[in-house]
Q: 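I'd like to ask you about the structure that follows.
Chain letters run A, B, ... following the sequence lines, proteins first, then strands; residues in each count from 1.
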2 protein chains.
Amino acid sequence: MKSSDMPLDIDQIIKKSQEVCTLAGAKLTDKRKNVLIVLLAAATPLSAYEIVERYKTHFHEALPVMSVYRMLDFLIQEKLVHKLETSGQYMSCAHITCEHQHETPQFLICDRCGSVKEIGIKQHIIAELERSIQSTGFTLAHQQLELHGICEHCQIKPQ
Amino acid sequence: MKSSDMPLDIDQIIKKSQEVCTLAGAKLTDKRKNVLIVLLAAATPLSAYEIVERYKTHFHEALPVMSVYRMLDFLIQEKLVHKLETSGQYMSCAHITCEHQHETPQFLICDRCGSVKEIGIKQHIIAELERSIQSTGFTLAHQQLELHGICEHCQIKPQ
DNA sequence: TCTGCTATGATATAACATAACATAAGAAAT
DNA sequence: ATTTCTTATGTTATGTTATATCATAGCAGA
């Protein structure tokens, strides 16, 4: 069984997230926490507007989109959430409870079912990429890669 | 002098574009051609709405956004134009007049000035990327990479 | 309690994109 | 030349993602 198929221990992840925020001198308020919970419970990345809907379903409380965007900004800053630039969607970081230093994330986005797998691409490939770019004088800001394709599961299914 | 600093021979690129379309059994209509000209004349990628504005300035004719999107779809299909997924902008292909088979494009996007450089990343790096992804069962649809950072020119400037 | 900071709410609007249906323009067939 | 078909474009409406701006609430420290 691959780790990605294992049920998440949301309580543990939230606890760890609290610690991360406290260490950074930031506050994981109830609403920020709930937004994170919505993302943790989702099988796919969500748009800010989808988060509003699910928040309402889960917590019986309406949250303005504007607030969701701000909470997402906060969670991204604390590296608890990633933004997928290619689709304008947000997902919880798959490695919140990992102790190791987080590398720049790389994503495999399934264009059929919308699922996303967060992977760690070998650092030497990224290094080689950077070397191949160096000659242009360009300095990379962030190396987040978003690769689109079809996931294993959807390849097996007839369509 | 690097080729990217050289003035484009727009006439020649348009002529070649006509050929590409004819070969594919498609028609590069006047309006499609004009949209391409707008992109060729731009220093940075443009959004569909910016294209509408410039089209009006250049050709004294109002074009509905809807039509621009369709023309962009056409030009992208003919590989004369690329879409930057991370910014929702469009730019002409830098290699229209090249005879060689076009590889999947890779882009260096300057987050300061918005300029974009279309580069060819060594094929073996892409191959290695694919290999590193293969174990996940994922099949890449397109390997277009959009890398954000600061371009050479903006690094030299004070801010 | 006052002050000030941070978080959140509310409203409006910008920016990017698509759906659905109507019309026009050009090629091919008769 | 007229009809017919197809492709291209126009029109209107709406959906989706994101930001600006100003107001308010809630909490911490002086």
Q: In whole angstroms, how far is the C1' atom of D:dT9 from the CG atom of B:Asp73?
A: 14 Å
Q: Write down the distance between CZ (B:Phe74) and C1' (D:dT6), rounded to a whole number of angstrom.
A: 15 Å
Q: In whole angstrom, what separates B:Ile76's CD1 from C:dT18's C1'?
A: 14 Å
Q: Can you name the salt bridge (charged side-chain N to carboxylate O under 4.0 Å, His left out) partners of B:Asp11, sequence neighbours left out?
A: none
Q: B:Asp73: what forms a side chain to side chain contact (heavy atoms under 4.5 Å, CB included) with it, not counting sequence neighbours?
A: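 B:Asp73 satisfies side chain to side chain contact (heavy atoms under 4.5 Å, CB included) with no other residue.
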Q: Just by distance, no angles: are the side chains of B:Thr97 and B:Gln12 close enough, under 3.5 Å, to form a donor-acceptor pair?
A: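 No donor-acceptor contact under 3.5 Å links the two side chains.
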Q: Rounded to the nearest angstrom, tell me the gap between atom CG in A:Leu46 and atom P in D:dT17.
A: 11 Å
Q: Hey, what are the protein-to-nucleotides 9-17 of chain C N/O distances that come in under 3.5 Å?
A:
unit_1: C:dG9; atom_1: OP1; unit_2: A:Lys31; atom_2: NZ; d: 2.5
unit_1: C:dG9; atom_1: OP2; unit_2: A:Ser67; atom_2: OG; d: 2.9
unit_1: C:dG9; atom_1: N7; unit_2: A:Arg70; atom_2: NH2; d: 2.5
unit_1: C:dG9; atom_1: O6; unit_2: A:Arg70; atom_2: NH1; d: 3.1
unit_1: C:dG9; atom_1: O6; unit_2: A:Arg70; atom_2: NH2; d: 3.4
unit_1: C:dC16; atom_1: OP2; unit_2: B:Ser47; atom_2: OG; d: 3.2
unit_1: C:dA17; atom_1: OP1; unit_2: B:Lys83; atom_2: NZ; d: 3.0
unit_1: C:dA17; atom_1: OP2; unit_2: B:Tyr69; atom_2: OH; d: 3.4
unit_1: C:dA17; atom_1: OP2; unit_2: B:Gly88; atom_2: O; d: 3.4
unit_1: C:dA17; atom_1: OP2; unit_2: B:Tyr90; atom_2: OH; d: 3.3
unit_1: C:dA17; atom_1: N7; unit_2: B:Tyr49; atom_2: OH; d: 3.0
unit_1: C:dA17; atom_1: N6; unit_2: B:Tyr49; atom_2: OH; d: 3.2

Q: Among residues two or more places apart or on two chains, list those pairs meeting ring pair (Phe, Tyr, Trp, His ring centres under 6.0 Å) that have a residue in residues 59-78 of chain A.
A: A:Tyr55-A:Phe59
Q: What integer distance in Å separates B:Lys33:NZ from D:dA8:C1'?
A: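 Nearest whole value for this atom pair: 16 Å.
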Q: Could you pull out all residues at least two apart from B:Lys83 that satisfy salt bridge (charged side-chain N to carboxylate O under 4.0 Å, His left out)?
A: none
Q: Partners of A:Glu19 by salt bridge (charged side-chain N to carboxylate O under 4.0 Å, His left out), sequence neighbours excluded?
A: A:Lys15
Q: Could you give the CG-to-C1' distance, from B:Leu28 to D:dT9, as a whole number of Å?
A: 15 Å
